[in-house]
Engineer: 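Sharing a structure, written as structure tokens. Questions coming.
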There are 2 protein chains.
Amino acid sequence: MTDPTARPTRAQQRRRTEEGILAAARRMFADLGYERTTIRAVARAAGVDAGLVMHYFGSKDALFSRAAELPAGEAPGEVAGSTPGEVAEAMLSALGARLEAEPAASLAVLRSMLTNADAAERYRAAGEPLLDRISASIPTSDAGLRAGLLGAIVHGVIIERYLLRFGRLADASPEEIVDLLRPCFLLLAGAQASPNS
Amino acid sequence: MTDPTARPTRAQQRRRTEEGILAAARRMFADLGYERTTIRAVARAAGVDAGLVMHYFGSKDALFSRAAELPAGEAPGEVAGSTPGEVAEAMLSALGARLEAEPAASLAVLRSMLTNADAAERYRAAGEPLLDRISASIPTSDAGLRAGLLGAIVHGVIIERYLLRFGRLADASPEEIVDLLRPCFLLLAGAQASPNS
DNA sequence: CCATTCGTTCTACGGTCGTTCAATCAACGA
DNA sequence: TCGTTGATTGAACGACCGTAGAACGAATGG
């Protein structure tokens with residue numbers, strides 16, 4: 001159907017341009033945060049005029065919203081499982097996946113969440129159902145707090161690895177990090193302490 | 001010597017004004033981050049003109065540097081001790097103190113570190129000697145990574161409690177949090193797992 | 001008492017930002 | 001073929017920013 005030699009149709013070209021802008025926006029929001037990325041700079045990086053960005057996305061806020069959408073299937077790992085041990089393992093494997101390669105959209109939210117209310121709310125909304133499910137699987141009465149601590153640990157590690165790029169965490173392999181955190185997660189999830197190898 | 005009824009001398013007044021500006025700056029940097037706080041807004045909050053802020057501090061960067069200085073004695077807790085157990089306990093009590101009341105200067109750095117290079121460097125420089133000492137007290141070969149993880153956990157918890165104000169962590173008492181984290185810290189520091197009570 | 005310091009305010013400049021809008025011109029549908 | 005749509009540009013506006021520097025006036029010191 002689509003002839004690769006043919007000049008792209010107008011709709012194709014439009015979609016291509018729009019995605020180019022989104023990709024540039026994601027990169028800049030992730031690198032610089034919301035306030036320091038400018039529409040003009042995004043447009044320049046995408047090779048278009050700033051007015052076009054406005055025309056397609058309406059406002060800087062709306063552009064951020066679109067850039068912060070997680071690509072389908074990149075939703076935070078489905079932490080299923082009912083026993084504390086299963087919950088801990090599911091969170092660890094989700095963490096491991098994020099340590100391999102965190103998507104730019106997610107980094108844009110993380111980079112901006114401390115200075116932009118929209119990003120903070122997006123971060124909260126993304127994590128809440130996850131934490132609720134984890135909390136429900138923890139048998140103790142302080143399950144909510146334990147789930148909150150698990151989330152804080154995950155995000156503390158990701159922030160230092162990807163946004164601050166601290167050597168100790170940035171250089172380590174995901175397996176190393178996950179293995180060190182495993183007993184902690186098991187303890188916080190309410191499972192028995194694992195024997196130290 | 002200082003007569004309380006007397007009108008303040010010029011030097012006193014100057015110091016008072018300067019500290020008022022610094023207090024307002026600390027509050028705003030902590031609440032809004034570096035980019036969103038403006039010199040004009042700091043001046044307004046302190047009840048003075050923006051030009052005066054420039055005159056006293058020279059530039060916005062310099063103002064941030066002064067506002068980010070920790071008040072004497074608020075330096076990150078001296079994590080002394082040589083055994084893994086002592087290190088973990090020292091970190092926990094330092095964390096407990098910070099969970100009681102984190103100083104505004106420290107929050108200003110934390111709030112800004114993801115978008116401001118100065119703040120990020122200040123954060124790194126403040127934590128590094130601490131992490132080095134912790135690392136030296138951990139007997140395993142991956143001591144550096146373990147120390148980095150401990151630091152990431154501490155800051156993840158503080159960020160979610162003070163900057164994002166997530167209910168689960170914001171409402172909990174410092175003792176609760178510290179007690180839940182204790183076995184994790186002991187494990188990461190290389191001590192034996194504590195029996196779960 | 002007078003000259004001087006200096007805390008403080010006012011005004012203004014150059015720059016950048018988000019945003020708007022008219023203009024252009026190639027692709028499209030009838 | 002021709003009118004229309006729509007992708008794209010360029011110039012401009014108003015607001016706000018960090019910063020500079022002149023001006024004022026009260027405290028200060030001789």
Side-chain angles (χ1 to χ4, degrees), chain A residues 1-3 5-25 28-29 31-68 108 112 115-119, chain B residues 2-3 5-25 28-29 31-68 112 115-119:
Chain A
M1 199 62 70
T2 55
D3 181 353
T5 71
R7 182 154 27 91
T9 168
R10 183 141 70 164
Q12 289 175 334
Q13 180 57 28
R14 146 104 197 213
R15 241 193 72 235
R16 200 171 302 179
T17 303
E18 194 169 317
E19 285 185 2
I21 294 172
L22 267 181
M28 299 203 70
F29 281 131
D31 285 350
L32 305 175
Y34 182 83
E35 5 275 332
R36 288 184 52 206
T37 93
T38 69
I39 286 192
R40 282 173 163 89
V42 168
R44 204 176 315 126
V48 299
D49 186 89
L52 192 61
V53 178
M54 289 300 297
H55 188 242
Y56 283 171
F57 298 92
S59 72
K60 184 181 178 181
D61 273 309
L63 174 63
F64 180 80
S65 280
R66 291 287 307 279
S112 304
T115 48
N116 181 268
D118 221 55
Chain B
T2 56
D3 182 352
T5 72
R7 183 154 26 90
T9 166
R10 185 139 71 163
Q12 287 176 333
Q13 180 58 29
R14 146 104 197 214
R15 242 194 70 235
R16 200 171 301 180
T17 302
E18 193 168 320
E19 285 186 0
I21 295 172
L22 267 181
M28 300 203 70
F29 281 132
D31 285 349
L32 305 175
Y34 181 83
E35 5 274 332
R36 289 182 52 206
T37 93
T38 68
I39 287 192
R40 282 171 162 90
V42 169
R44 204 176 316 125
V48 299
D49 186 87
L52 193 62
V53 178
M54 289 298 298
H55 189 243
Y56 283 171
F57 298 93
S59 72
K60 185 181 176 181
D61 272 310
L63 174 63
F64 180 80
S65 280
R66 291 287 307 277
S112 304
T115 48
N116 182 268
D118 221 58

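Just so it is clear, the structure is predicted and the values come from calculations on it, not from any experiment. Lettering follows sequence order; numbering is per chain, from 1.
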Engineer: Check the distance between D:dC17's P and B:I39's CD1 and give it to me in whole angstrom.
Structural biologist: 10 Å
Engineer: How many whole angstroms separate atom CZ of B:R36 from atom C1' of C:dC17?
Structural biologist: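 Answer to the nearest Å: 15 Å.
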Engineer: D:dT28, OP1 or OP2 - any side-chain N/O from B:T9 closer than 4.0 Å?
Structural biologist: yes
Engineer: Drop me the distance from B:R40's CZ to B:D49's CG, to the nearest 0.5 angstrom.
Structural biologist: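 Separation between the atoms: 9.0 Å.
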Engineer: I want to confirm an ordering. Mapping B:R40 and B:T17 to their closest nucleotides on DNA chain C, which one lands closer to the 5' end?
Structural biologist: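 The 5'-side residue here is B:T17.
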Engineer: Do the side chain of B:T9 and the main chain of B:Q12 share a donor and acceptor less than 3.5 angstrom apart?
Structural biologist: no
Engineer: Rounded to whole angstroms, how far apart are CZ on B:R44 and C1' on C:dT8?
Structural biologist: 17 Å
Engineer: Tell me: CG of A:L52 to C1' of D:dG6, nearest whole Å?
Structural biologist: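 So the two atoms are 11 Å apart, to the nearest Å.
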Engineer: Report the distance from atom CG of B:D49 to atom C1' of D:dA23, rounded to the nearest whole Å.
Structural biologist: 13 Å
Engineer: Where do B:V42 and B:A24 come nearest, in terms of heavy atoms and distance?
Structural biologist: O-CB, 4.0 Å
Engineer: Does A:R14 get its side chain close enough to the base of D:dG6, under 3.5 Å, for a donor-acceptor pair?
Structural biologist: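 Result: no qualifying N/O pair found.
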Engineer: If you take any heavy atom closer than 4.0 Å to DNA chain D, which residues from residues 59-67 of chain B end up in contact?
Structural biologist: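 Of all residues in residues 59-67 of chain B, the ones placing a heavy atom under 4.0 Å from DNA chain D are B:S59, B:K60.
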Engineer: Do any side-chain nitrogens or oxygens of A:Y56 fall under 4.0 Å of OP1 or OP2 in D:dG6?
Structural biologist: no
Engineer: Checking side-chain hydrogen bond (donor to acceptor under 3.5 Å, both in side chains) against A:T17, which of A:Q13, A:E19, A:R15, A:R14 comes through?
Structural biologist: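 Checked A:Q13, A:E19, A:R15, A:R14 against A:T17; only one passes side-chain hydrogen bond (donor to acceptor under 3.5 Å, both in side chains): A:Q13.
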Engineer: What are the two closest heavy atoms between B:K60 and B:T37, and how far apart are they?
Structural biologist: NZ-O, 2.9 Å
Engineer: What is the distance, rounded to the nearest whole Å, between atom CD of A:Q12 and atom P of D:dG6?
Structural biologist: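 My rounded result for the distance is 17 Å.
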Engineer: Over all strands shown, is B:R10 touching base, sugar-phosphate only, or nothing at heavy-atom distances under 4.0 angstrom?
Structural biologist: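 Base contact - B:R10 has a heavy atom under 4.0 Å of at least one base atom.
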Engineer: Pairing donors with acceptors under 3.5 angstrom, does anything connect the side chains of A:E35 and B:T115?
Structural biologist: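 No, no side-chain donor-acceptor contact under 3.5 Å.
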Engineer: Rounded to whole angstrom units, what separation is found between the CE atom of A:M54 and the P atom of D:dT9?
Structural biologist: 15 Å
Engineer: For A:E18 and D:dG6, give me the distance from atom CD to atom P, rounded to whole Å.
Structural biologist: 14 Å
Engineer: Between A:Q13 and D:dT8, does any side-chain N or O lie under 4.0 Å from OP1 or OP2?
Structural biologist: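 Yes, such a contact exists.
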Engineer: Report the relative orientation of the aromatic rings in B:Y34 and B:F64; use parallel for angles under 30°, tilted for 30 to 60°, perpendicular for over 60°.
Structural biologist: perpendicular
